[in-house]
Amino acid sequence: MKQLGRHVLAEICGCDFNILNDIDKVEEILVNAALEAGAEVRECVFHKFSPQGVSGVVVISESHLAIHTWPELGYAAVDVFTCGEKVNPWDACNYLNDHFCAKHMTAKEIKRGVIPEAYLKEAVNL
């Protein structure tokens, strides 16, 4: 059974406070991570929390990258979901790890859209 996409959930720790608390820098790094992975960027939405923290989403043709940061803990929760064969979500995660100056990253990949054959026969507009 083939999957429709790959979803990597990453825990990125030991990051630089000033990077994780800078909305412009976080957006720049996420967009560049998408491009580094070979994705096509469509739209971005980011929000800066008070007193600290940034959340954001980069919509790509192949799905999305999302982040929430806790600068005070040096921590970023990241998910990178890609569809198709062209984009490798691990390339984006590794880019984020490097550019957040992280000391540690743990991540796991989940195969998404693994649809049982019985339900594929009911699909429409294919």
Side-chain angles (χ1 to χ4, degrees):
M1 209 174 309
K2 187 174 178 172
Q3 81 251 2
L4 295 176
R6 301 165 66 193
H7 200 163
V8 176
L9 304 174
E11 308 285 317
I12 303 177
C13 303
C15 304
D16 183 289
F17 175 93
N18 293 316
I19 294 172
L20 293 185
N21 204 38
D22 183 332
I23 187 171
D24 295 329
K25 193 69 177 167
V26 170
E27 180 173 349
E28 175 189 321
I29 291 171
L30 239 67
V31 166
N32 287 333
L35 297 172
E36 180 75 14
E40 184 177 275
V41 175
R42 294 293 185 174
E43 294 183 51
C44 303
V45 176
F46 283 80
H47 178 81
K48 172 82 168 66
F49 292 94
S50 180
Q52 58 219 6
V54 173
S55 284
V57 177
V58 175
V59 177
I60 57 177
S61 296
E62 301 81 4
S63 196
H64 71 268
L65 290 78
I67 188 167
H68 185 73
T69 72
W70 284 262
E72 70 277 21
L73 301 175
Y75 169 73
V78 170
D79 73 89
V80 180
F81 183 20
T82 63
C83 299
E85 306 293 324
K86 183 182 125 193
V87 179
N88 183 349
W90 289 101
D91 291 343
C93 287
N94 291 331
Y95 183 93
L96 295 171
N97 187 59
D98 292 346
H99 288 79
F100 289 145
C101 302
K103 293 183 173 68
H104 183 73
M105 178 177 77
T106 58
K108 63 181 175 184
E109 180 176 328
I110 300 169
K111 295 180 182 350
R112 304 293 304 270
V114 180
I115 304 168
E117 288 290 327
Y119 294 105
L120 286 176
K121 293 174 184 168
E122 297 173 7
V124 294
N125 294 331
L126 291 178

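Positions are given from 1 along the sequence. What you see is a predicted model; the values in this text were computed from it and never measured.
- Linking ILVMFWY residues whenever their side-chain heavy atoms come closer than 4.5 Å, directly or via other members, leaves Trp90 and Leu96 in distinct clusters.
- The hydrophobic clustering, which links ILVMFWY residues whose side-chain heavy atoms are closer than 4.5 Å, places Val58 and Ile29 together.
- By the 4.5 Å heavy-atom criterion applied to side chains, Glu62 and Val87 are counted as neighbours.
- Across every non-hydrogen atom of Leu20 and Thr69, the tightest pair is O-OG1, 2.9 Å.
- Note on Ile60: it does not cluster hydrophobically with Leu9, by side-chain heavy-atom contacts below 4.5 Å among ILVMFWY residues.
- Atom-to-atom distance recorded for Phe100:CZ and Asp16:CG is 10.5 Å, nearest 0.5 angstrom.
- Residues Trp70, Tyr75 make up the rest of the hydrophobic cluster containing Leu73, defined by ILVMFWY side-chain heavy atoms closer than 4.5 Å, directly or through other members.
- Annotation for Lys103: atom NZ does not count as buried by contact number, only 12 or fewer foreign heavy atoms lying within 6.0 Å.
- With values rounded to the nearest 0.5 angstrom, Thr106 atom OG1 is found 5.0 Å from Glu11 atom CD.
- Counting heavy atoms from C-beta outward, Ile19 and Cys101 have side chains that approach closer than 4.5 Å.
- Atom-to-atom distance recorded for Ile12:CD1 and Ile67:CD1 is 6.5 Å, nearest 0.5 angstrom.
- With hydrogens and angles ignored, the 3.5 Å screen pairs no side-chain donor or acceptor of Glu36 with any backbone N or O of Asp91.
- For His99, the ring pair (Phe, Tyr, Trp, His ring centres under 6.0 Å) criterion is met by Tyr95, not counting sequence neighbours.
- When the salt bridge (Lys or Arg N to Asp or Glu O under 4.0 Å) test is applied to Glu85, the partners found at least two apart in sequence or on another chain are Lys2.
- Interatomic distance, SG of Cys13 versus CG of Asn97, reported as 9.5 Å (0.5 Å rounding).
- Residue Val114 comes nearest to Pro116 through the heavy atom pair O-CD, 3.7 Å, listed as atom of the first residue, atom of the second, then distance.
- Contact of the Glu43 side chain with the Val45 side chain is not registered, since no non-hydrogen atoms from C-beta on lie closer than 4.5 Å.
- Considering every non-hydrogen atom in both Met105 and Ala10, the closest pair reads SD-CB, 4.2 Å.
- Summarising the geometry, atom CG belonging to Asn88 is positioned 8.5 Å from atom CG belonging to Asn94; distances are rounded to the nearest 0.5 Å.
- A cation-pi arrangement, defined by a distance under 6.0 Å to the six-membered ring centre and an angle within 45 degrees of its axis, is absent between Arg6 and Phe81.
- Remark: aromatic rings of His64 and His7 are close, center separation under 6.0 Å.
- Closest approach of Ile115 and Tyr119 over heavy atoms only: CG2-CB, 3.9 Å.
- When side chains are defined from C-beta on, Val8 counts as touching Cys93, because their heavy atoms get closer than 4.5 Å.
- The distance from the NZ atom of Lys48 to the CG atom of Asn21 is 3.5 Å, given to the nearest 0.5 Å.
- For the pair Gly56 and Leu30, the tightest heavy-atom approach, listed with the atom from each and the gap, is O-CD2, 4.5 Å.
- Under the 4.5 Å side-chain heavy-atom criterion for grouping Ile, Leu, Val, Met, Phe, Trp and Tyr, Val54 is not connected to Val57 through any hydrophobic cluster.
- In plain terms, the two heavy atoms of Val80 and Val78 that are nearest each other are CG2-CG1, 3.9 Å.
- Residues Ser55 and Phe46 are not in side-chain contact: their nearest non-hydrogen atoms beyond the backbone lie 4.5 Å or more apart.
- Salt-bridge formation is not detected for the pair Glu27/Lys25: no Lys NZ or Arg NE/NH1/NH2 atom is positioned less than 4.0 Å from an Asp or Glu carboxylate oxygen.
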